[in-house]
Amino acid sequence: MKSAIKRAKTAASHGETPIGAVIVKDGKIIASGRNRREEKKNALCHAEISAIDKACKKLGGWRLCGCDIYVTLEPCAMCAGAIINSRIENVYFGAYDKKAGSFGTLCDFNSFGYNHKPGVYGGILEKECSELLSDFFKSLRKSKEK
């Protein structure tokens, strides 16, 4: 999770919502991603989607069996769907997302009849992940007030 937090901090330093993700296989990070929606002007540029894309390219296929993803914020519906479709084994996330969390908070994609259900573990370094987000948005509001 600490590597995902580093990626989230990089996103924040580029004016992006601080969300980072890493994918691990056999105890090694094989891919990482960070939010780039503002930079790329693209709604698909979430940290998880970027990390999944890189992992698929590295492993040479769309199935990421035996891989785990660590992400600083509970995945949204788009990212939860991509995680399920890529067959990622386990999801470890930091902060819970009351507005878009799709692995238990707003809805739970694992409760649907999909053919794959990853293990989901939330609240990993939750305080640090939550503070990254709240500090970022406080700073953004202050800059808009000026």
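No hydrogens, no waters, no symmetry mates; every other heavy atom, side chains included, goes into these values.
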**Prompt:** Hey, what do you get for OG1 (T10) to CG (N35), rounding to the nearest 0.5 Å?
**Reply:** 12.0 Å
**Message:** So does N90 get a backbone contact from the side chain of D68, meaning a donor-acceptor N/O pair under 3.5 Å?
**Reply:** yes
**Asked** Rounded to the nearest 0.5 Å, what separation is found between the CZ atom of R7 and the OG atom of S3?
**Response** 10.0 Å
**Message:** Using side-chain heavy atoms (C-beta onward) and a distance below 4.5 Å, is R34 in contact with H14?
**Reply:** yes
**Message:** If I take atom CG from residue D26 and atom SG from residue C67, how far apart are they, to the nearest 0.5 angstrom?
**Reply:** 8.0 Å
**Asked** Can you name the nearest heavy-atom pair linking I124 to Y121, along with the distance?
**Response** CG1-O, 3.9 Å
**Within 6.0 Å of NZ in K54, more than 12 heavy atoms from elsewhere** = yes
**Request:** For K58, look at atom NZ and say whether over 12 heavy atoms of other residues, nucleotides or ligands are found less than 6.0 Å away.
**Result:** no
**Request:** Of all the heavy-atom pairs spanning A51 and G33, show the shortest one and how long it is.
**Result:** CB-N, 3.9 Å
**Prompt:** Which pair of non-hydrogen atoms, one from N110 and one from K117, has the smallest distance, and what is that distance?
**Reply:** O-NZ, 3.0 Å
**Request:** To the nearest 0.5 Å, tell me how far K41 NZ sits from R36 CZ.
**Result:** 13.0 Å
**Item:** Backbone N/O of R37 and side chain of E16: donor-acceptor pair under 3.5 Å
**Value:** yes
**Prompt:** Which atom pair, heavy atoms only, marks the closest approach of S32 to S50?
**Reply:** O-OG, 4.1 Å
**Request:** Heavy atoms only: give me the nearest G20-A8 pair and the separation to one decimal.
**Result:** N-CB, 3.5 Å
**Request:** Give the minimum heavy-atom separation between C129 and G94, together with the two atoms involved.
**Result:** SG-CA, 3.8 Å
**Request:** Could you grab the distance from atom NZ of K99 to atom CD of E74, nearest 0.5 Å is fine?
**Result:** 14.0 Å
**Request:** Give the other cluster members for Y96, using side-chain heavy-atom distances under 4.5 Å between Ile, Leu, Val, Met, Phe, Trp and Tyr residues; answer none if it is isolated.
**Result:** I19, I23, I30, I52, L59, L64, I69, V71, L73, I83, I84, I88, V91, F93, F103, F109, F112, Y114, V120, L133, F136, F137, L140
**Prompt:** With side chains defined as the heavy atoms from C-beta onward, is the minimum distance between I5 and T72 less than 4.5 Å?
**Reply:** yes
**Item:** Short side-chain to backbone donor-acceptor contact, K25 and C65, under 3.5 Å
**Value:** yes
**Message:** Please evaluate residues R87 and N115 with respect to the criterion side-chain contact (heavy atoms from CB on, under 4.5 Å), reporting the C-alpha separation (whole Å), side-chain torsions for both, the decisive distance (0.1 Å), and the verdict.
**Reply:** CA-CA 9 Å; R87 310 297 196 268; N115 64 340; 3.2 Å; yes
